[in-house]
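The structure appears below as structure tokens.
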Amino acid sequence: MIQSMGYKGLLCALHLLLVIQLQPCSSCPSVCVCSASEADCSGRGLVSLPALSSLPSATRTLLLPNNRLSTLPASAFANLSSLERLDLSNNYLDNLPAGLFAELANLSDLSLRNNSLTALDRDLLQGLGSLRRLDVSLNGLAAVPLGLLDQQQGLTWLSLAGNRLQALERAAFEPLVNLQHLELGSNPWECDCNLRDFKHWMEWLIYRGGFVDAMECTLPKDLRGRDIRSVPVEMFNYCLQLEDENGGASGGAKGGSPPCVRATTAPASESTVARTEAEAPDCVRQRYRPVSVRRAIGTVVIAGVVCGIVCIMMVAAAAYGCIYASLMAKYQRELKKRQPLMGDAEAEADPEEKQISSVA
């Protein structure tokens, strides 16, 4: 009897243990496969998110790749503060609301790879203070807005490869003081002055031990196919000629325009207008020129002034020579006119001298 009670106790203990192990998965969405810390909803053909609010509180990883998601509600990831990894790659996302990830304070890995994103709201990454890895490759991004990465000082890995980027603002990347890996390949880069400041920042990143993959120039034609990392910064002056021909930098829609100029199509609220006015100096500020370029320009100016002075002196000398030659020619003509008169006077004086000599 004691033995049977022991068996029953053991069975009860095993049953209790099994219930405890299955309890975290009891609220897993039916389309997902959940474990103690991971919810895998990948490859389910989802067009909308499942009930993520019912996920176990211990979930650290949420996998949603290879679905057909096109939009996400602003509160899609509310109450998932323990999430550390979120994979939304290989979907059809074309617009993400601002503050979408605001409650994911512990998120360290975010993948938005291979979607249909053409623009990112500057507040999209708000609240992601623990983010270490961000992948937005293989989208249709044409710009990285100023302010998007301002709170990402801890970011160490970033991929922007395979987008439609032609130029980048240096100020957008300066907050990334701990970045070690940057992927920018497969973009139609325009190697002109709009990319010059970013090249300086990129060289600083490489100098301190960071990695930047190959970036090939698309324009201008004489730099096409060359790696931006090997092109001297002094050659990034192509757009200066275009700006002069168009009457200034603002004439014409150039692909390398700062992102703050292009991001003007969205409806402007009062807060947006106030923020835009506050950022106006950053958008219209004069572009930074490296010391070598400034010195070269100064040398050209000084040489131009000296050449101008020399030219003025040469013109003055030529004028003086012409005046002197004219005066000398006039003097010679007057001299030739007087010579015959002097010859006649001498002939008249000769007979008188002969008479005087005969008398004597």
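Computed from heavy atoms alone, side chains included, the values below leave out hydrogens, waters and symmetry copies. Just so it is clear, the structure is predicted and the values come from calculations on it, not from any experiment.
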Derivation and outcome, side chain to side chain donor-acceptor pair (under 3.5 Å), residues Arg132 and Ser108: CA-CA 5 Å; Arg132 298 293 180 269; Ser108 61; over 6 Å; no

Parallel, tilted or perpendicular: ring planes of Trp204 versus Trp201, cut at 30 and 60 degrees: tilted

4.5 Å side-chain heavy-atom contact, Ser57 and Ser82: no

Nearest-0.5 Å distance, OG of residue Ser81 to CG of residue Leu107: 11.5 Å

Cationic N near anionic O, under 4.0 Å, Lys199 to Glu203: yes

Side chains of Arg133 and Arg85 in contact at under 4.5 Å (non-hydrogen atoms): no

Working for side chain to side chain donor-acceptor pair (under 3.5 Å), residues Asn114 and Asn90: CA-CA 5 Å; Asn114 195 21; Asn90 301 323; 2.8 Å; yes

Verify same cluster id: Ile206, Ile228 (apolar side-chain graph, 4.5 Å): yes

Qualifying residue, where the test is side-chain contact (heavy atoms from CB on, under 4.5 Å) with Leu69 and the options are Val47, Asn115, Leu49: Leu49

Whether Arg229 side chain and Val212 backbone form a donor-acceptor pair below 3.5 Å: yes

Leu155 reachable from Leu184 in the ILVMFWY side-chain graph, under 4.5 Å edges: yes

Nearest atoms (heavy-atom pairs only) where Leu100 meets Pro73: CD1-O, 3.2 Å

Nearest-0.5 Å distance, SG of residue Cys191 to CD of residue Gln166: 11.0 Å

Residue pair Gly140 / Asn163: nearest heavy atoms and the distance that separates them: N-OD1, 3.5 Å

Any donor-acceptor N/O pair, Asp192 side chain to Asn194 backbone, under 3.5 Å: yes

Main-chain N/O of Asp109 paired to Asp135 side chain as donor or acceptor, under 3.5 Å: no

Validation row: Leu141, Val136 side chains within 4.5 angstrom (heavy atoms): yes

Option passing side-chain contact (heavy atoms from CB on, under 4.5 Å) with Cys41 (candidates Asn66, Asp87, Leu64): Leu64

Whether Phe101 and Phe77 hold their rings parallel, tilted or perpendicular, with breakpoints at 30° and 60°: parallel

Asp123 side-chain N/O to Gly99 backbone N/O, donor-acceptor pair under 3.5 Å: no

Distance-minimising heavy-atom pair for Phe198 and Glu169: CD1-O, 4.5 Å

Hydrophobic cluster membership, Leu134 vs Leu160, 4.5 Å side-chain cutoff: yes

Donor-acceptor under 3.5 Å (Asn187 side chain, Trp189 main chain): no

Test log, rule side-chain contact (heavy atoms from CB on, under 4.5 Å), inputs Thr59 and Leu83: CA-CA 6 Å; Thr59 302; Leu83 209 61; 4.1 Å; yes

Side-chain touch Leu110/Leu128, heavy atoms, less than 4.5 angstrom: yes

Between CZ on residue Phe211 and CD on residue Gln180, distance to nearest 0.5 Å: 12.0 Å

Pair Arg170-Glu174, salt bridge (charged side-chain N to carboxylate O under 4.0 Å, His left out): steps then yes or no: CA-CA 6 Å; Arg170 173 177 179 164; Glu174 286 182 338; 3.0 Å; yes

Test log, rule side chain to side chain donor-acceptor pair (under 3.5 Å), inputs Asn91 and Asn67: CA-CA 5 Å; Asn91 280 281; Asn67 285 291; 4.6 Å; no

Validation row: Cys34, Leu55 side chains within 4.5 angstrom (heavy atoms): yes

Heavy-atom pair with the smallest gap, counting every atom of Leu168 and Leu195: N-CD1, 3.8 Å

Whether Arg60 side chain and Glu84 backbone form a donor-acceptor pair below 3.5 Å: no

Nearest-0.5 Å distance, CD of residue Gln151 to CG of residue Leu125: 8.5 Å

Rounded distance (nearest 0.5 Å) linking atom OG of Ser159 with atom CG of Asp213: 7.5 Å

Side chains of Thr61 and Glu38, donor plus acceptor under 3.5 Å: no

Joint hydrophobic cluster, Leu86 plus Trp157, side-chain heavy atoms closer than 4.5 Å: no

Derivation and outcome, side-chain contact (heavy atoms from CB on, under 4.5 Å), residues Leu179 and Leu205: CA-CA 8 Å; Leu179 191 66; Leu205 174 63; 4.2 Å; yes

Donor-acceptor under 3.5 Å (Asn139 side chain, Ser137 main chain): yes

Main-chain N/O of Asn79 paired with Glu103 side-chain donor or acceptor, under 3.5 Å: yes

Heavy-atom closest contact (Val31 atom, Pro50 atom, distance): CG2-CB, 3.9 Å

Residue pair Leu146 / Ala171: nearest heavy atoms and the distance that separates them: CD2-CB, 3.8 Å

Over 12 non-hydrogen atoms of neighbours within 6.0 angstrom of OH in Tyr92: no

ILVMFWY network linking Leu165 to Met202, side-chain heavy atoms under 4.5 angstrom: yes

Trace of the side-chain contact (heavy atoms from CB on, under 4.5 Å) decision for Leu117 with Asp94: CA-CA 4 Å; Leu117 300 171; Asp94 58 1; 5.5 Å; no

CZ (Arg68) with more than 12 external heavy atoms under 6.0 Å: no

Interatomic spacing from CG in Leu158 to CG in Leu149 - rounded to 0.5 Å: 6.5 Å

Side chains of Ser326 and Ile323 in contact at under 4.5 Å (non-hydrogen atoms): no

Trace of the side-chain contact (heavy atoms from CB on, under 4.5 Å) decision for Leu80 with Leu104: CA-CA 6 Å; Leu80 293 176; Leu104 305 181; 3.9 Å; yes

Crowding at CG, Asp227 (>12 non-hydrogen neighbours, <6.0 Å): yes

Flag, side chain of Arg113 to backbone of Ser89, donor-acceptor distance under 3.5 Å: no

